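For reference, the structure discussed in these notes is given below.
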2 protein chains.
Amino acid sequence: MENLQVGCKIETKKLIELMEYLKVISDENRLRILCFLKHGERCVCEIHETLNLPQNLTSHHLKILREAELVIARREGKWIHYRLNDEKIRCLTKLYKEVILGG
Amino acid sequence: MENLQVGCKIETKKLIELMEYLKVISDENRLRILCFLKHGERCVCEIHETLNLPQNLTSHHLKILREAELVIARREGKWIHYRLNDEKIRCLTKLYKEVILGG
DNA sequence: GTAATATATCAATAAACATTGATACAATAG
DNA sequence: CTATTGTATCAATGTTTATTGATATATTAC
């Protein structure tokens, strides 16, 4: 049944999910981190040194990306390695297409 | 030539362009407006009545969408009709794919 | 145990942004 | 002209969010 209240066939739940995803990635530093991680798994120090970001700021943005499940953390000794969660990103990209492009 | 400073082959200019696009669409009301306009051209009063948004707030969000060139305005008497700028949206979606998914 | 390194958290500040109410502008009707 | 309707702008407010500096936690080396 069509959702007449919002005048849009997209369910509110999906719309909110997309919005939260977009809020997470609509930040220059987080976009740079995501781009950098396309090269493969990297530890926090590699990220913050390569991107010229303060350590605590990098950690903060990684937390936001982690909570959004866009990246996955893995501890190895002192280091914590981050990698992209490709499946989640693909899934949210599908949602983006559905809401923005889809009929 | 690779941009070593940001550790990412994506140029800063593209990254900023994508970020600005994402900031514009990472808002619930603007997403609803974009979804609603998928049905075709609509005037401001139709938008704000259908989406249950105050008129001035609707106008404000439309301005942001207009400045981002995601929608196009057309005056017809007292009414101003808004429609999606499909080409711009397709173009920015391509950029999204390039930055987020592309190698 | 202590020192050193890697990462995370906390508190404070500042900037960006959404929302609201009031008002202005533009077009039409009378 | 005035009144009405549709839309935009402005100023004020409150909320969210990015950033910074200081500190805490965790792991390893000694």
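What you are looking at is a predicted structure, and each value in this text was computed from that prediction instead of being measured. The chains referred to below are lettered A, B, ... by the order of the sequence lines, with proteins before strands, and numbering in each begins at 1.
- Going from atom NZ of A/K23 over to atom P of D/dT16 covers 10 Å, rounded to whole Å.
- Distance B/H60 NE2 to C/dA16 C1': 11 Å, rounded to the nearest Å.
- Contact check, B/R30 against C/dA18: a side-chain N or O comes under 4.0 Å of OP1 or OP2.
- For B/W79, taking side-chain heavy atoms from C-beta onward, the closest of the listed nucleotides D/dT20, D/dG6, C/dC17 is D/dG6.
- Distance, B/M19 CE to D/dT17 P: 15 Å, rounded to whole Å.
- To the nearest angstrom, P of D/dT19 lies 10 Å from CD1 of A/I33.
- Under the 3.5 Å distance criterion, with hydrogens and angles disregarded, no donor-acceptor pair is assigned to the side chains of A/R74 and A/Y82.
- Counting atom types as modelled, B/Q55 pairs a side-chain N or O with a base atom of D/dA8 as donor and acceptor under 3.5 Å.
- Atom P of nucleotide C/dA27 and atom NE2 of B/H81 are separated by 14 Å, given to the nearest angstrom.
- Look at CD1 on B/I47: it is 9 Å from P on D/dA8, rounded to the nearest Å.
- Relative ring orientation between A/Y21 and B/Y96 is described as perpendicular, the plane-to-plane angle rising above 60° on a 0-90° scale split at 30° and 60°.
- The neighbour count for A/E87 CD, taken as heavy atoms of other residues, nucleotides or ligands under 6.0 Å away, does not exceed 12.
- Atom-to-atom, NZ of A/K63 to C1' of D/dA18 comes out at 14 Å; the value is rounded to the nearest Å.
- In this structure, of C/dT7, C/dT9, C/dT20, it is C/dT7 that holds the atom nearest to the side chain of A/I80.
- When each of D/dT7, C/dT19, C/dT7 is scored by its nearest atom to the side-chain atoms of B/C43, the top-ranked nucleotide is D/dT7.
- Here C/dT19 is the nucleotide among D/dA8, C/dT19, D/dT27 with the atom lying nearest to any side-chain atom of B/N29.
- For D/dG6, neither phosphate oxygen OP1 nor OP2 lies less than 4.0 angstrom from any side-chain nitrogen or oxygen of B/Y82.
- Ion pairing between a basic and an acidic side chain is recognised when a charged N comes within 4.0 Å of a carboxylate O; B/E28 and B/R30 show no such pairing.
- Distance from the side chain of A/K78 is smallest for D/dT28 among the nucleotides D/dT28, C/dA18, C/dA27.
- B/N56 comes within 4.0 angstrom of a base, heavy atoms only.
- The CD atom of B/Q55 lies 10.5 Å from the CD atom of B/E49; values are rounded to the nearest 0.5 Å.
- Across D/dA22, D/dA18, D/dT9, the shortest atom-to-atom separation from the side chain of A/D27 is found for D/dA18.
- Whole-Å rounding puts the B/H61 NE2 to C/dA18 C1' distance at 6 Å.
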